[in-house]
Student: 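For reference, the structure I am asking about is given below.
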2 protein chains.
Amino acid sequence: MLRVMSLRIALLGLLAAKGPASGYDLAKLFEVSLNHVWQAGHTQIYPELVKMAADGLVSVEAEGARGRKNYTITGEGTRLLHEWLADREPVMVQRNETALLAFLLPLLDADEAIVAVERIRARARDRLDYLVCLPPVAENPKFGSYALRLGQAQVRATIAWADEILHELRPT
Amino acid sequence: MLRVMSLRIALLGLLAAKGPASGYDLAKLFEVSLNHVWQAGHTQIYPELVKMAADGLVSVEAEGARGRKNYTITGEGTRLLHEWLADREPVMVQRNETALLAFLLPLLDADEAIVAVERIRARARDRLDYLVCLPPVAENPKFGSYALRLGQAQVRATIAWADEILHELRPT
DNA sequence: GAGCGCATGTAAGCTGTTACATGATTCT
DNA sequence: AGAATCATGTAACAGCTTACATGCGCTC
């Protein structure tokens, strides 16, 4: 009955790195920082923060204007975050729609397959451009930079794969 | 209200590639072929096949011993599969727990971070070994091979990334 | 006849998405 | 006054996981 917890960790991470914030802030932060690594909208974030407060991982510090609730990470939250970061066995299995397409590629004619792979390549290029242009997230420029480089490396690998496949598929 | 459908596509793809099969067969096939690309257990597959039959994508050909139901892909199913493979815009965004860890890496001390990255590297190596040793899936050796190469390329990129980060983190 | 593999399912619970709903404050 | 942004939520549904449950057929 192991909880997955990635959303919790992401929220705790942002709170640890940027200090107290409201659910609204965290949702915005998610969009501009964690976005390429994990996604969550406010409809998921708000209820999760409530549960996390109930579990003692965060506390509501103050209620500001417009019903704003300012969350702070607690000692217990810091402990959990640290434990996860330090001990978590990374999961390599993943659900990858692009890889599914690649898997079934031989079901297409060669010319259709070429178009499909070209499309994958184009999307990967778009994403690489996006990842390269992302501005630094926090005061500390290291923040997020490791993940950014990992994303770039993986996308570059996808592009190289596409080039290789296209080379094989294209009529000489 | 766009359905995601990846599970349907995966099942239709297996039926198209391997011919008629039961839910049980498909669950086994999933494990040994699609496994590194998409995961689904029999508890997800059985109900989905029922829905797909209701939608006319597959048909129950015969009921064999032990209540075995043999599913075949229909013309409509083939059409849908082909359309998806040919027209689907690949989604590059993804939820990546390892990348989340990478994102939050600066929250750890240097020595803890080194251990964490080493663990990522070790898992990636395991996975590469697994992917390299996977036997061919079907009579047609092309089947699944493109996806296998994509997976290998991405895992190799992850290993290279880990080596780079470790080089930066390790005291000289 | 005991055990194993075949073969099917249901139910509860968690995670994530989409749509709906509300009210306060600030800017033009 | 009207629009945009701030700020919070709920509800319904889709997708996936875990646990539970059942019965047939073959082999030893």
Side-chain angles (χ1 to χ4, degrees), chain A residues 1-12 14-15 20-32 34-55 58 60-71 84 91 93-97 100, chain B residues 1-12 14-15 20-32 34-55 58 60-71 84 91 93-97 100:
Chain A
M1 194 76 89
L2 278 141
R3 280 212 55 166
V4 172
M5 277 209 315
S6 311
L7 177 57
R8 283 182 171 217
I9 298 303
L11 291 171
L12 289 174
L14 289 180
L15 286 174
S22 69
Y24 187 85
D25 294 339
L26 290 168
K28 293 278 150 187
L29 254 181
F30 242 96
E31 251 172 53
V32 299
L34 273 173
N35 181 261
H36 62 103
V37 154
W38 206 266
Q39 302 87 45
H42 79 276
T43 55
Q44 208 186 346
I45 292 173
Y46 287 141
E48 189 65 28
L49 284 170
V50 172
K51 282 185 226 156
M52 287 163 75
D55 292 347
V58 296
V60 182
E61 204 152 77
E63 302 227 358
R66 276 172 287 200
R68 178 193 170 91
K69 290 178 197 167
N70 233 39
Y71 288 95
W84 191 91
V91 196
V93 253
Q94 50 179 341
R95 257 168 252 266
N96 188 335
E97 215 181 88
L100 175 60
Chain B
M1 197 76 91
L2 277 143
R3 283 213 50 167
V4 173
M5 277 209 312
S6 311
L7 176 58
R8 285 184 169 211
I9 297 304
L11 291 170
L12 289 174
L14 288 180
L15 286 174
S22 68
Y24 187 85
D25 293 339
L26 289 168
K28 293 277 150 186
L29 253 180
F30 242 94
E31 251 172 54
V32 299
L34 273 173
N35 182 260
H36 62 102
V37 153
W38 206 265
Q39 302 88 44
H42 78 276
T43 54
Q44 210 186 343
I45 292 172
Y46 287 141
E48 189 65 27
L49 284 170
V50 172
K51 284 185 224 157
M52 287 164 75
D55 292 347
V58 297
V60 182
E61 206 153 76
E63 303 226 358
R66 276 172 284 196
R68 178 194 170 89
K69 290 177 196 167
N70 234 36
Y71 288 96
W84 191 92
V91 195
V93 253
Q94 49 179 342
R95 254 168 254 268
N96 188 334
E97 217 180 86
L100 176 59

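Protein chains get the first letters and strands the later ones, always in sequence-line order, with residue 1 at the start of each.
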Student: Can you tell me how far C1' of C/dG23 sits from CZ of A/Arg68, to the nearest Å?
Tutor: 17 Å
Student: Which of the following nucleotides, C/dG9, D/dG23, D/dT8, is nearest to the side chain of A/Lys69?
Tutor: D/dT8
Student: When the distance from NE2 of A/His42 to P of D/dG9 is rounded to whole Å, what number comes out?
Tutor: 10 Å
Student: It should be established whether B/Gln44 places a side-chain nitrogen or oxygen under 4.0 Å from OP1 or OP2 of nucleotide D/dT17.
Tutor: yes
Student: Can you check the A/Phe30 CZ to C/dT15 C1' distance for me, whole Å?
Tutor: 13 Å
Student: At their closest point, which heavy atom of A/Leu49 faces which heavy atom of A/Val58, and how far apart are they?
Tutor: O-CG2, 4.0 Å
Student: The test is side chain to side chain contact (heavy atoms under 4.5 Å, CB included); show your working for B/Leu29 and B/Leu34 and say whether it passes.
Tutor: CA-CA 7 Å; B/Leu29 253 180; B/Leu34 273 173; over 6 Å; no
Student: How many Å lie between CG on A/Leu7 and P on C/dT17, as a whole number?
Tutor: 10 Å
Student: May I ask you to say what A/Arg95 touches in the nucleic acid, namely base, sugar-phosphate or nothing, with a heavy-atom cut-off under 4.0 Å?
Tutor: sugar-phosphate
Student: Report the distance from atom CG of A/Leu34 to atom C1' of C/dG16, rounded to the nearest whole Å.
Tutor: 16 Å
Student: Look at all strands and tell whether B/Gly23 reaches a base, only sugar-phosphate, or nothing, counting heavy atoms closer than 4.0 Å.
Tutor: sugar-phosphate
Student: Measuring to OP1 and OP2 of C/dG13, would you say a side-chain N or O of A/Arg3 lies under 4.0 angstrom away?
Tutor: no
Student: In terms of the nearest nucleotide of DNA chain C, which residue is placed more toward the 5' end: B/Tyr71 or A/Glu48?
Tutor: B/Tyr71
Student: Does the side chain to side chain contact (heavy atoms under 4.5 Å, CB included) test come out yes or no for B/Val60 and B/Tyr71, once each step is laid out?
Tutor: CA-CA 5 Å; B/Val60 182; B/Tyr71 288 96; 3.6 Å; yes
Student: Would you confirm whether A/Gln94, through its side chain, and B/Val37, through its main-chain N or O, come within 3.5 Å as a donor-acceptor pair?
Tutor: no
Student: NA contact type, A/Thr43, heavy-atom cut-off 4.0 Å: base, sugar-phosphate, or nothing?
Tutor: base
Student: Round to a whole Å and report the spacing from CG of A/Leu49 to P of D/dG9.
Tutor: 9 Å
Student: Given atom CG of B/Leu11 and atom P of D/dC16, what is their separation to the nearest angstrom?
Tutor: 11 Å
Student: Can you check the B/Tyr24 OH to C/dT8 C1' distance for me, whole Å?
Tutor: 11 Å
Student: Check the phosphate of C/dG9 against B/Tyr46, side-chain N and O only, distance under 4.0 Å to OP1 or OP2. Yes or no?
Tutor: no
Student: Could you check if a side-chain atom of A/Arg68 sits within less than 4.5 angstrom of a side-chain atom of A/Asp25, using non-hydrogen atoms only?
Tutor: yes
